[in-house]
Every structure is written in C-alpha cells, then in structure tokens.
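Notes to accompany the following structure.
All values below were derived from every heavy atom in this structure, side-chain atoms included, with hydrogens, water molecules and symmetry-related copies excluded. Numbers here are sequence positions counted from 1.
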Amino acid sequence: MDKYTLLLVDDEEEVVQIIIKKMDWEALGFTVVGYASNGVKALEMVEEYQPDVVMTDIKMPYMDGIELTKRIKERYPETKILVFTGFDEFEYAREAVHIGVEEYILKPINAMELSEVFTQLRKKLEQEVSEKQNMETLQQYYMESLPLLQANFYSTLMEGKITEGELDRYLTDYQISLEGPYYCCLVIHTSVTQAPENMNPVLLDTLVQKQAMERISDRWRLRHFSYMENGVAIAQLKEEEEITDLTDECDKFCRYAHRILGAVVTVGVGPVCSEILKLPGSYTGAREALSYRVLYGASRAINIGEIVPQKQTEMAPEYTEETAHLFKMIRLGDKERIEEAVEQYLGHPSFSGKSLQQHHVAVMDMISELYRFATNNALPAEEMFGDMRKLCDYLVDLMPDVLRRWLTDICFTFSDKLVRARNTSSQTIVSEAKEYIYANYADENLSLDEICRELGVSSSYFSSIFKKETGTSFIGFLTECRMEEAQRLLLETDEKNYVIAGRVGYADPNYFSYVFKRQFGVSPSKFRMEHTKGEK
C-alpha cells in the first residue's frame, strides 16, 4: 500500500488547515481524504471513505471524540485513532487508552513531533499488512488447509452424492459439526485477473479465504472448503431472517478485502435451507448469484434471494452443462451470448441423433426443461407455450434453422420478462422504503438497518438499488424529507426551532440548525424571517 488515508476531525477549522498545510503528508506516506467539524459528520465520512487513520479532537458539538472513537471501533476495529486535544485531564486519557486509541496527543504540538507520531504509525500499519501478506505464512496455511477427508466430504456433499443414511456416519467419523438449524452456502470468488502486481493469485486467494475464516466465521459457525476453484463456506443460521445480516457482513468483508488486501472479492449467497442434504441447491444458487456481478458489480456480496424477484418453490434440477449455461445466459440478459448458448445447446449430441425417434425425445426434453425453468421463475408458462401437445408436434417437424430461431426467440422472451421482473421488484422495494420514510421521518432513531429489517433485505442490496432508483443515498433522502417538512413548519407555524427539530427527527436542536444551514445556506431563524417579512 503506497499511501494510507487520514480523516481529520476538529471543530476549529483553522487548526485543521494548519495541520493540512504544515505537514508533508506525502513524504509521511499519508493522504488526507477530508475533514469534519463534528463527530456526527465524521461518522458519515468514515462510512464513505473508510480511512486507515482518524485524528480527532475530544470536545466537539453534537458528538465528542470519545463517543466517536467508540462507534468507529465498533464498526471498523482495524481503523487507527489518534486523539488530539488541549484537554489535559487524566480521565480523558484513561478512557481514550481503554477504548483502543493509538496515541493521545496534547495541543499544542509542533510539526516535528507530529511527524514522528505518524512515522511510527505508518511503520505499525506496514507491519500489520506485511504480516498478513507474508508468503511463508500463506504457504504454511495453504499446506495446513482442511484435512483431506473433510475436503472430500464437502465436495461429495456439494455434488449431491451423500445419502441420508450415510450423513450421520460421515459427520461423526470426520468430526464435522453442522447443527443448523438453518443453512446456506457462500461462494467466495477472488478475481485472478485483478490481483495486485507481483502477487501470486493462488496465494492471494489463500489469504482471502484465511481472512474470511477469521472475520466472518464466529457468529455463523462457517465451515470453509475449496470446491470448483472457489472458496465455499456453509453458514449456519439460527433464524431464516438472519440471511440479511449474513449478506451485509459478507459485503463488508468484500470491501475490506479490496481496501486492505487489494483483492477483488465477490461473495455469492445461496438460498436458506433447513436440511444438510439440500445444500447442493443452495450452492447452485450461490454460484448463480456470482454470475450477476456483471450486472451489480464485483467487490460485494450478492444474495440470490434478493436479486431473483420470486422465491422458487423447489431447488434447481440437475441440468446438462449446455442447459445450465443457456439458462444462466437468459438470466444475465446478454442477447449475443444467449444466441451462442442456443447454438451450443442445439449442438448437443442428443439433437444430432441418427434416428427420428431420438430427435423427438430431444425436442420433448427441451420443452420440458424450458417449461420447468419458466415455472420456477414465475413466468407465465401456459400463456407462453399454449397447448403442449400441439407445440411438440410443431417443433419436431421444424428444420434446424427454424428450430434454432424459435428457441432463440423464446429465450429472448424469457430474458426480457426476467429483467422487467427484477426492475419491478427493485422499484417496489424503493417505493415501500419511501413510504416508510415519509411515515417515520420524525423518529430520531430511524436508520438504514431499521428500514432494511422492515423490508427484509440486506443493507448492501438496498443501498445499491435505492441509489440507482432515486439518485441519492438513504441518508440523503431522509435528510431531504426532514428538511422539506422543517421548511414547511417554519413558514406555516409559529413553533420554536427546538419544537420543529423534534418534529422532524432531530433530538439536538443545534444539530438540526447545522443540517438546515448546510441544506439551505441560512439558519432556520433567518430562513423564517426572510420568507415571512414580506407577508407582514
């Protein structure tokens, strides 16, 4: 890592500007990504930039530096905190050290002293990264990966080759604990083509899997193994609804891997099941979710249950390789690749059999697979296929080019309907979110997590579709909603500012005034005066 990022937090802007201008940050190996004048604004910027270091004052409006440090450490424990203050009280220092502050710096401090602090801090950061990327450690971990018997069990399980009568014996003999009561598969994919320079892709993937085990295993009792050139994990959930929390934690890990390790990691999250022997279907769903990174982007977690607009009534059947590839291209919606997949599908030996009877069987199998795909994806199968007997009689007599055109057209129709269904699903979620915000904006505790729990989706998925549909973030939309109502109350009522603040969701009147001025350029009192004096 060439440069580490730094966020400055101090309510005295002149102090911040002096620190920025007087220090040679580039020589020290740091980049100042921004500064905040209070703890509340700093938390927003930490969420956006995820800086390596936060240097904060203690005494600030709306939220002091100690509370800010606690919240940062809760969400981003790897972030380094420097407390920079003129308050030389022992209690502040003791509490700062207790919650994991790297340095407690007293004002005033000269540039040489501050340079030494950041020089030592950079050495510590570099040492941590070096330890994580140590090649010998990676090779040792690679050699000490899951024992062969356990790896063989997981691979055999994913292939659906373990029977109900064998399951308990395998779990006991191989000392594998899968208590559930609910399960789902995660597929952790590390991009080989986007690996950092001079990093062996195999070792990078090993590092990613190791970090995944360390960072997201505890709560979900993950069981990690390698399968089909990807890292796979079986997560154990206490409730089905925990799948949204799991998705968010995986999404956070993907961003961590990109920021700290330089790895482009995507996690596919499969559907939840209540039986171990149904995990192959969850694995198939997780693999399918990975395919959607071409639509939703990499370096994130993708939950198949959120991006597929309907809940399938049964797990995906075992298709041939050509059939599975065709259905995958239909879901991704690339028409050129759909045409290529149709060619590959019709090129299967079953369509080039030597007898007419073999050809008839292949056509009937094709219709059956298409019908099953349509019903599993909530597409109007009866409407699209009509009388199945007539359709079969019609298709078996078609010339190869005409059959190819018919299959291509029906696949295009499937794809278009799935795209519209996904868009409708996203629009519905955003519409419900807006209604919830309009109804609850006065609640000072209204948060992204609360609205995602209400809608039953992960915050990572919700944030992406909300931004896509509205052009702004959840916080931005909530703030605009509150400010519009505050503006109305200022013009149409005689209520005091602190009353209006409470009515639009701000417990702290001073912070309400701060946000209002940031939105409209003037304080609430001046806004009311300027817009009502002409009426008198």
Side-chain angles (χ1 to χ4, degrees), residues 158-161 163 228 270-271 273 277-289 291-292 304 308-422:
M158 293 301 101
E159 293 166 2
K161 295 180 180 179
T163 66
M228 300 289 286
C273 59
L277 294 181
K278 289 186 176 179
L279 278 167
S282 183
Y283 169 76
T284 300
R287 288 269 298 183
E288 182 183 341
S291 302
Y292 282 88
I304 190 64
V308 175
Q310 71 294 318
K311 190 173 183 179
Q312 296 184 3
T313 56
E314 58 180 281
M315 292 296 181
E318 292 296 325
Y319 291 120
T320 65
E321 182 179 346
E322 291 79 12
T323 306
H325 179 66
L326 175 61
F327 291 164
K328 178 179 178 180
M329 294 304 103
I330 289 173
R331 290 191 178 99
L332 294 181
D334 186 324
K335 294 195 173 182
E336 182 177 341
R337 296 173 74 183
I338 289 174
E339 290 180 329
E340 293 174 357
V342 167
E343 292 281 352
Q344 183 178 341
Y345 179 87
L346 294 178
H348 190 271
S350 60
F351 280 96
S352 56
K354 296 180 180 180
S355 71
L356 184 60
Q357 185 176 3
Q358 286 178 315
H359 179 72
H360 286 186
V361 170
V363 170
M364 287 188 289
D365 285 344
M366 177 187 71
I367 296 172
S368 176
E369 290 168 341
L370 291 170
Y371 185 88
R372 190 185 300 121
F373 177 84
T375 55
N376 282 345
N377 288 275
L379 299 176
E382 286 78 8
E383 174 188 323
M384 298 171 70
F385 291 102
D387 188 315
M388 298 295 287
R389 179 176 298 179
K390 290 182 179 178
L391 177 62
C392 187
D393 291 342
Y394 168 70
L395 293 179
V396 296
D397 292 330
L398 293 181
M399 297 295 290
D401 288 347
V402 181
L403 179 62
R404 183 180 296 105
R405 186 69 260 165
W406 179 89
L407 180 56
T408 302
D409 289 342
I410 197 72
C411 290
F412 284 173
T413 301
F414 280 0
S415 181
D416 290 341
K417 287 184 179 295
L418 287 176
V419 169
R420 286 197 293 271
R422 280 199 298 271

Which pair of non-hydrogen atoms, one from M329 and one from I338, has the smallest distance, and what is that distance? O-CG1, 3.6 Å
Where do M364 and C392 come nearest, in terms of heavy atoms and distance? CG-SG, 3.3 Å
Residue list, side-chain hydrogen bond (donor to acceptor under 3.5 Å, both in side chains) with D365, at least two apart or on another chain: none
Partners of E343 by side-chain hydrogen bond (donor to acceptor under 3.5 Å, both in side chains), sequence neighbours excluded? R404
I need the [X] [atom1] to [Y] [atom2] distance, nearest 0.5 Å.
X	Y	atom1	atom2	answer
L326	E340	CG	CD	12.0 Å
T375	F385	OG1	CZ	9.0 Å
I330	S415	CD1	OG	7.0 Å
K161	L277	NZ	CG	15.0 Å

CA sep, side-chain torsions, deciding dist, call: R405, D401, salt bridge (charged side-chain N to carboxylate O under 4.0 Å, His left out): CA-CA 6 Å; R405 186 69 260 165; D401 288 347; over 6 Å; no
Among all residues two or more places apart in sequence or in another chain, which pass the salt bridge (charged side-chain N to carboxylate O under 4.0 Å, His left out) test with K328? none
Go through the steps to decide whether D416 and R420 satisfy the test side-chain contact (heavy atoms from CB on, under 4.5 Å), and finish with yes or no. CA-CA 6 Å; D416 290 341; R420 286 197 293 271; 3.8 Å; yes
Kindly indicate, with the supporting measurements, whether the criterion side-chain contact (heavy atoms from CB on, under 4.5 Å) is fulfilled by L407 and L370. CA-CA 10 Å; L407 180 56; L370 291 170; 3.8 Å; yes
Hey, are the side chains of [X] and [Y] touching, using non-hydrogen atoms and a 4.5 Å cut-off?
X	Y	result
F327	E369	yes
Y283	M228	yes
V342	C411	yes
E322	H325	no

Can you name the ring-ring contact (aromatic ring centres under 6.0 Å, His included) partners of F414, sequence neighbours left out? F373
Please confirm whether the backbone N or O of P271 pairs with a side-chain atom of S282, one donor and one acceptor, at under 3.5 Å? yes
I'd like to check the side chain to side chain contact (heavy atoms under 4.5 Å, CB included) partners of T413; sequence neighbours left out, ordered by chain and number. M384, K417
Sole candidate of V402, D409, I410 that passes side chain to side chain contact (heavy atoms under 4.5 Å, CB included) when paired with W406: I410
What pairs of residues pass the side chain to side chain donor-acceptor pair (under 3.5 Å) test when at least one of them lies in residues 382-392, not counting sequence neighbours? Y371-E382
